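If you're wondering where the values come from, they're calculated on a predicted model, not measured in any experiment.
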Protein chains: 2
Amino acid sequence: MQLDERKYLILQAIIDDYIMTAMPVGSRTISRKSGVGYSPATIRNEMSDLEELGYLDQPHTSAGRVPSNKAYRLYVDHLMKTVKLTNDERERMHDHLVAKSKQVEGVIRSAAGVLSDATKYTSVIVAPKLGTLRIKHVQLVPVAERMALMVIVTNAGIVKDAVISIPEGMDADELYSISRMLTEKLADKPLEAVRQAFAELLRNAEYNRRLLGDTLQVIEKRLEAGGDASDVIVGGPANMLEYPEYSDVNKARNFLAVLESKDTLRQLLSRDGGMEISIRIGPENQLPALNDCSIVTASYRVGDHSTGTLGIIGPTRMNYNRVISVLEFMGRALSDVLSQYK
Amino acid sequence: MQLDERKYLILQAIIDDYIMTAMPVGSRTISRKSGVGYSPATIRNEMSDLEELGYLDQPHTSAGRVPSNKAYRLYVDHLMKTVKLTNDERERMHDHLVAKSKQVEGVIRSAAGVLSDATKYTSVIVAPKLGTLRIKHVQLVPVAERMALMVIVTNAGIVKDAVISIPEGMDADELYSISRMLTEKLADKPLEAVRQAFAELLRNAEYNRRLLGDTLQVIEKRLEAGGDASDVIVGGPANMLEYPEYSDVNKARNFLAVLESKDTLRQLLSRDGGMEISIRIGPENQLPALNDCSIVTASYRVGDHSTGTLGIIGPTRMNYNRVISVLEFMGRALSDVLSQYK
DNA sequence: GTTAGCACTCGTGCTTGTTGAGTGCTAACA
DNA sequence: TGTTAGCACTCAACAAGCACGAGTGCTAAC
């Protein structure tokens with residue numbers, strides 16, 4: 001059995017309705033809709049077919065039908081018509097974003113806020129992989145006896161810091177000149193290329209070997225760790241509780257637990273290919289706690305070589321249309337704001 | 001009517017039981033407890049008195065009694081006996097904390113995690129007021145045409161950054177020497193004293209007036225704003241959902257909404273006096289969403305002049321004993337870790 | 001191919017009855 | 001005079017029974 005024009009039409013109507021109401025959809029409801037000129041009985045026959053084909057589920061005999069995950073897949077791949085955001089909305093989102101752009105660390109955080117406000121779902125933003133960022137500046141600051149704070153400024157102004165130990169008796173001036181030297185040697189190199197640069201430095205080491213070795217180690221450990229908790233920002237975590245899918249406290253708790261595990265989120269948001277928008281529906285994203293969720297992701301650029309991910313997590317019956325529009329827009333906006341610092 | 005020895009004993013037993021079970025406590029239950037040698041009937045008489053005095057509430061006629069907020073107040077002020085943490089626990093917490101102490105920005109975050117894990121409640125940590133921190137280092141880094149990133153390293157290694165605009169044609173070298181000058185002039189001054197220092201600098205300005213003015217403005221704006229979202233860290237937000245008090249999704253949502261508003265949290269955790277531990281029970285902390293919550297706070301030191309706050313938010317029937325012990329211990333531990341960088 | 005009609009299913013919400021934990025009161029006891 | 005046993009009373013929680021109605025599947029007529 002194949003899907004003909006009418007089955008598509010009816011399936012789409014069902015999904016549209018279910019996305020709005022979260023209630024099983026009956027044949028009468030569809031029949032009454034404008035654009036569908038058939039009686040409930042006819043719709044029923046078609047629905048029966050669609051169920052057999054795996055596009056619809058029936059919670060129980062006397063309830064309406066509910067779209068299956070397979071149906072959502074079809075919907076986002078073929079059925080869905082894209083909607084445009086109003087200029088007003090675009091403007092509001094953009095303004096919110098640039099308002100914070102004076103404080104670099106705040107941009108991503110406020111972007112997450114904008115995303116979750118605009119969609120009413122939960123948003124997640126993952127900062128670019130550390131290794132791909134380019135070093136702008138390295139500074140060692142004495143903070144205690146035999147200890148210094150190493151501050152690395154990268155493009156996009158992202159600042160990473162770590163405490164390293166320094167040799168006995170090394171004073172501020174010495175650290176200052178080492179900082180200058182490091183900045184000179186490492187400027188514009190991506191963090192992941194730092195190992196090579198250091199190897200070279202260490203070979204003709206006029207500077208203290210142990211200090212450099214220590215510094216290198218810190219940088220490498222940071223790279224290995226693959227970023228820390230502050231690299232994954234969640235917006236509107238409580239938004240999910242608005243939806244009947246998560247009106248059960250237990251499910252809600254499990255969902256929130258996933259949001260707390262930044263590592264899981266980072267993995268969850270890792271993107272498959274280069275396509276602009278990626279959609280994962282229900283069990284497609286493995287985690288049982290997210291079985292009733294879909295994750296839609298897009299990416300943003302920082303400079304020429306780094307990309308980060310922004311995404312929306314909502315119920316499988318989310319408003320894909322709108323979510324996609326918002327993500328596309330925000331992806332561009334974020335790229336603009338974060339790439340203005342060359 | 002006054003509270004005699006026996007009333008205290010019974011009230012304490014009721015509160016202890018209710019803290020464990022969250023179920024209204026009946027006279028039989030108390031009668032069976034070791035240490036209370038009275039029959040249910042006697043207990044009932046006393047309970048009736050305690051209710052009249054406002055220490056107990058009765059959800060409905062045929063239910064047991066529930067401690068009132070007044071009772072909790074009495075409990076934490078007089079009845080409660082303090083418990084000691086086991087050495088094992090102390091060690092575990094301490095280890096977790098110092099494990100992260102190589103990455104300064106992570107210490108507070110991981111402390112919040114330790115707190116919420118150890119208590120099973122929600123934890124909040126507020127960083128010290130920016131103004132009280134002392135400047136260790138100022139660095140201007142060119143990031144774009146006519147734009148620089150200003151990085152301020154303070155004691156405790158806390159790094160603040162902001163983008164400022166710079167005059168046309170100013171190059172990296174020039175920024176470098178200005179940075180050096182600024183560091184020299186501002187080192188060891190608290191951020192709130194920066195205005196004066198700048199006034200002086202501007203008077204005998206051998207350096208670019210506009211740049212300095214801009215820089216000052218950025219610092220002041222930061223101080224005024226009173227800290228941003230990253231200064232308030234929440235641990236284990238979902239922990240509260242474990243308790244029947246918040247098994248209603250609506251209440252849970254309202255609670256989580258409070259946690260998202262960092263400004264509200266900052267206010268909520270602001271501490272009254274200098275006492276070591278402050279406890280606010282139920283409506284004492286204004287917000288309706290937190291009517292069934294208590295907030296217990298302690299403070300930690302950073303250097304000699306700055307203090308931050310760490311706190312636990314849990315149901316009013318929380319285990320005050322344990323929470324207090326944990327907060328006291330962690331307050332000391334955090335102070336130690338964060339004050340090692342002089 | 002479409003649709004009206006009808007018997008059937010089954011979750012939801014309401015009522016009713018039962019149970020049991022817990023109370024307050026009274027009277028007897030030490 | 002303080003304590004306790006006894007007993008009638010209350011009321012939430014749970015279960016059973018019932019009516020309702022939304023929705024289905026099937027059949028037969030158009």
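Taking the side-chain hydrogen bond (donor to acceptor under 3.5 Å, both in side chains) definition, one finds that Asn319(A) meets it with nothing, sequence neighbours left out. In this structure, the side chain to side chain contact (heavy atoms under 4.5 Å, CB included) partners of Ser31(B), at least two apart in sequence or on a different chain, are Pro40(B), Ile43(B). The side chain to side chain contact (heavy atoms under 4.5 Å, CB included) test applied to Ser39(A) returns Ala41(A), Thr42(A), not counting sequence neighbours. Taking Val76(A) as the reference, Arg73(A), Met80(A), Ile279(A), Ile281(A), Tyr320(A) meet the side chain to side chain contact (heavy atoms under 4.5 Å, CB included) condition, with sequence neighbours excluded. Listed by chain and residue number, Pro244(B), Arg317(B) satisfy the side chain to side chain contact (heavy atoms under 4.5 Å, CB included) test with Ala22(B) (two or more places apart in sequence, or in another chain).
Between the NZ atom of Lys7(A) and the C1' atom of dT2(C) there is a distance of 14 Å, rounded to whole Å. Look at CD on Glu5(B): it is 17 Å from P on dG2(D), rounded to the nearest Å. Taking atom OH of residue Tyr38(A) and atom P of nucleotide dT3(C), one finds them 8 Å apart after rounding to whole Å.
With pairs defined as Watson-Crick or G-U wobble and both atom distances under 3.5 Å, the stems of at least three pairs that touch DNA chain D come out as C:1-30 with D:1-30.
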Protein-to-nucleotide contact annotation, 5' to 3' order, nucleotides 22-30 of chain D [B base; S sugar-phosphate only; - none; under 4.0 Å, heavy atom] = BSBB-----

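Listed by first and then second residue, the ring-ring contact (aromatic ring centres under 6.0 Å, His included) pairs that reach into residues 236-271 of chain A are Tyr121(A)-Tyr243(A), Tyr246(A)-Phe255(A), sequence neighbours excluded. Residue pairs that meet the salt bridge (Lys or Arg N to Asp or Glu O under 4.0 Å) test with at least one member in residues 18-37 of chain B, sequence neighbours left out, are Asp17(B)-Lys33(B).
Between Glu51(A) and Leu56(A), the closest heavy-atom pair is CG-O, 3.5 Å.
You'll find that the side chain of Ser39(B) is closest to dT4(D), out of dA4(C), dT3(D), dT4(D).
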